[in-house]
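Numbers for residues simply follow the sequence, beginning at 1.
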Amino acid sequence: MYDTFGGPEVLELREVPEPHAEADEVRVRVAAVGLNPMDWVLTSMPEVAQQFGITLPSRFATDFAGTVDEIGEGVSGFAVGDRVYGAATGRAAADWVVIDPSGADTLRHTPSEISDEVASTLAIAGMTASAALAAVGLKAGDTVLVGGAAGGVGVFAVQLAKLTGARVIGTASEGTFGFLRQFGVDPVAYGPGLEDRVRAMTPDGISAAADLFGTEAAEAALALGVPSERISTIAAPNPPEGVRATGGINAQPEDLQRIADAIVAGELTVPIAATFPVEQIREAVQLQAGRRVHGKVVVNL
């Protein structure tokens with residue numbers, strides 16, 4: 001929990017009264033929490049927290065996985081003992097999280113083949129990646145430039161793009177090139193000169209772009225002649241004119257099932273970059289917020 005807005009140092013472990021499921025609610029005993037940039041943005045930027053209805057004091061994190069241990073009256077589709085995963089904005093990092101499956105929260109059954117650690121990473125990153133690709137109408141035969149390809153959303157986006165039959169060029173630091181190549185991505189260094197480097201890699205040009213970190217890849221795509229309606233951003237407050245700003249809220253309900261099915265089929269891999277016990281949640285957030293991690297960061301409860 002935290003009482004003031006700030007960096008990882010404001011997070012504290014605290015004993016609170018045990019919550020219980022009321023009518024139409026499900027209580028989940030949390031096993032793992034997957035971190036996202038959204039989590040530390042909410043703790044450090046009051047103006048953003050207000051947009052999501054976050055007030056102080058607040059709990060922390062959004063993505064979780066665990067087991068249903070209490071069911072409220074009127075709930076259908078879930079039973080005590082079910083393994084589940086999902087998203088509960090700003091309150092996932094706790095022994096228990098109470099979810100309204102028919103409301104704004106997200107709750108899905110966890111396939112037996114998927115661990116709690118992996119399941120805890122799926123909701124926000126998976127839905128955001130799906131929305132970013134859907135916004136540009138990605139299809140087989142496209143060559144897509146993915147900005148921030150090695151990050152927590154990027155590892156989903158590049159693999160989903162490959163599954164559509166697209167060629168993927170991903171921006172990253174040179175130290176992550178080998179990491180990206182294992183997913184069939186053609187890596188390219190971000191930074192000044194990106195447009196020229198991409199042009200040299202693709203004499204026939206690129207046809208779409210999804211920028212998952214700022215606007216550098218979006219601007220390079222525009223300079224390379226990609227129509228603005230075939231370019232998306234997820235983390236840019238002021239994207240170039242005509243570029244499609246999107247996010248997980250624009251994903252379709254079936255997107256998470258598609259991702260889970262791909263994991264079970266061995267078609268999509270979720271790289272867990274680091275795991276931490278909940279007692280080290282500050283260190284976990286600090287690592288994730290540094291934006292240098294390759295894959296997902298998970299906190300175990």
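Residue L133 is not grouped with residue I169 when hydrophobic side chains (ILVMFWY) are merged at heavy-atom distances under 4.5 angstrom, including chains of intermediate members. Grouping the Ile, Leu, Val, Met, Phe, Trp and Tyr side chains by contacts below 4.5 angstrom, directly or via other members, places L212 apart from I231. If you chain together hydrophobic residues whose side chains sit under 4.5 Å apart, V136 and F156 fall into the same group. Using a 4.5 Å cut-off between side-chain heavy atoms of Ile, Leu, Val, Met, Phe, Trp and Tyr, with links allowed through other members, L11 and V278 fall into the same hydrophobic cluster. Following chains of ILVMFWY side-chain contacts shorter than 4.5 Å, one can reach V153 starting from V158, so the two form part of one hydrophobic cluster.
When all heavy atoms of T110 and A119 are compared, the closest pair comes out as CG2-CB, 3.9 Å. Across P239 and T233, no two heavy atoms sit closer than the pair CB-OG1, 3.6 Å. The minimum heavy-atom distance linking A135 with R244 is given by the pair O-CD, 2.9 Å. Counting all heavy atoms, side chain and backbone alike, A161 lies closest to V168 at CB-CG2, 3.6 Å. Smallest separation of non-hydrogen atoms from T176 and S173: OG1-O, 2.8 Å. In this structure, P111 and V264 approach most closely via the heavy-atom pair CB-CG2, 3.9 Å.
For the atom pair CD (Q288) and CD1 (I281), the distance works out to 11.5 Å, reported to the nearest 0.5 Å. Atom CG of L160 sits about 9.5 Å away from atom CG of L138, to the nearest 0.5 Å. Note that CG of D186 and CZ of F177 are 10.5 Å apart. Values are rounded to the nearest 0.5 Å. Summarising the geometry, atom CD1 belonging to I99 is positioned 4.0 Å from atom CG belonging to D105; distances are rounded to the nearest 0.5 Å. A distance of 5.5 Å separates NE2 of H20 from CD of E70, quoted to the nearest 0.5 Å. To the nearest 0.5 Å, atoms CZ (R199) and CG (L224) are separated by 5.0 Å.
The side-chain heavy atoms of D3 and R14, taken from C-beta on, include a pair separated by under 4.5 Å. Residues L42 and M38 have side chains in contact (heavy-atom distance under 4.5 Å, counting atoms from C-beta outward). At least one side-chain heavy atom of V16 sits under 4.5 Å from a side-chain heavy atom of R59. Looking at heavy atoms from C-beta onward, I234 lies in side-chain contact with T246 at the 4.5 angstrom threshold. Between F276 and L35 the shortest side-chain heavy-atom distance does not fall below 4.5 Å. Two residues are said to be in side-chain contact when any heavy atoms from C-beta on lie closer than 4.5 Å; S120 and Y85 fail this criterion. Counting only heavy atoms from C-beta outward, the side chains of L122 and D63 never approach each other to under 4.5 Å. Side-chain contact between Q252 and S130 is absent, with no heavy atoms from C-beta onward closer than 4.5 Å.
At distances below 3.5 Å, not a single donor-acceptor pair connects side-chain atoms of T128 with backbone N or O atoms of A125. Judged purely by atom type and a 3.5 angstrom limit, R29 uses its side chain to pair as donor or acceptor with the backbone of D95. In terms of modelled atom types and a separation under 3.5 Å, the side chain of K139 and the main chain of T164 share no donor-acceptor contact. Side-chain atoms of H294 do not come within 3.5 Å of backbone N or O of L180 as any donor-acceptor pair. At distances below 3.5 Å, at least one donor-acceptor pair connects side-chain atoms of E25 with backbone N or O atoms of E22. No donor-acceptor pair closer than 3.5 Å links the side chain of Q159 to the backbone N or O of F183. A donor-acceptor distance shorter than 3.5 angstrom exists from the side chain of S207 to the backbone of T143, with no hydrogens or angles considered. Formation of a donor-acceptor pair under 3.5 Å by the D211 side chain with backbone atoms of E216 is found in this model. Panel note: side chain R108, backbone G86; no donor-acceptor pair is recorded below 3.5 Å. The backbone N or O of G193 sits nowhere less than 3.5 Å from a side-chain atom of D196 that would complete a donor-acceptor pair.
Enclosure of atom CD in E73 is not indicated, since only 12 or fewer non-hydrogen atoms of other residues, nucleotides or ligands lie within 6.0 angstrom. Surrounding CD of E241 are at most 12 heavy atoms belonging to other residues, nucleotides or ligands under 6.0 Å away. Atom CD of Q280 has more than 12 neighbouring heavy atoms from other residues, nucleotides or ligands inside a 6.0 Å radius. Dense packing is recorded around CG of L13, with more than 12 heavy atoms of other residues, nucleotides or ligands lying under 6.0 Å away. For CD of E174, the number of neighbouring non-hydrogen atoms (other residues, nucleotides, ligands) closer than 6.0 Å is 12 at most.
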Test side-chain contact (heavy atoms from CB on, under 4.5 Å) on Q182 and T269; report intermediate values, then the result.
CA-CA 10 Å; Q182 69 179 311; T269 300; over 6 Å; no
Does the pair D261 and Q257 meet the rule for a side-chain contact (heavy atoms from CB on, under 4.5 Å), with working shown?
CA-CA 6 Å; D261 290 345; Q257 187 61 54; 2.8 Å; yes
Verify side-chain contact (heavy atoms from CB on, under 4.5 Å) between M45 and Q51, making sure each step is shown before the conclusion.
CA-CA 10 Å; M45 299 183 182; Q51 296 175 19; over 6 Å; no
For salt bridge (charged side-chain N to carboxylate O under 4.0 Å, His left out), just list the numbers for D255 and R258, CA-CA rounded to whole Å, side-chain angles, deciding distance to a tenth of an Å, and then say yes or no.
CA-CA 5 Å; D255 287 347; R258 180 165 60 98; 3.7 Å; yes
CA sep, side-chain torsions, deciding dist, call: D39, I124, side-chain contact (heavy atoms from CB on, under 4.5 Å):
CA-CA 10 Å; D39 300 324; I124 294 298; over 6 Å; no
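Between R167 and D142, no side-chain nitrogen of the basic residue sits less than 4.0 Å from a carboxylate oxygen of the acidic one, so the salt-bridge criterion is not met.
Ring orientation note: the planes of Y2 and F60 are nearly perpendicular, at an angle over 60° on the 30°/60° scale.
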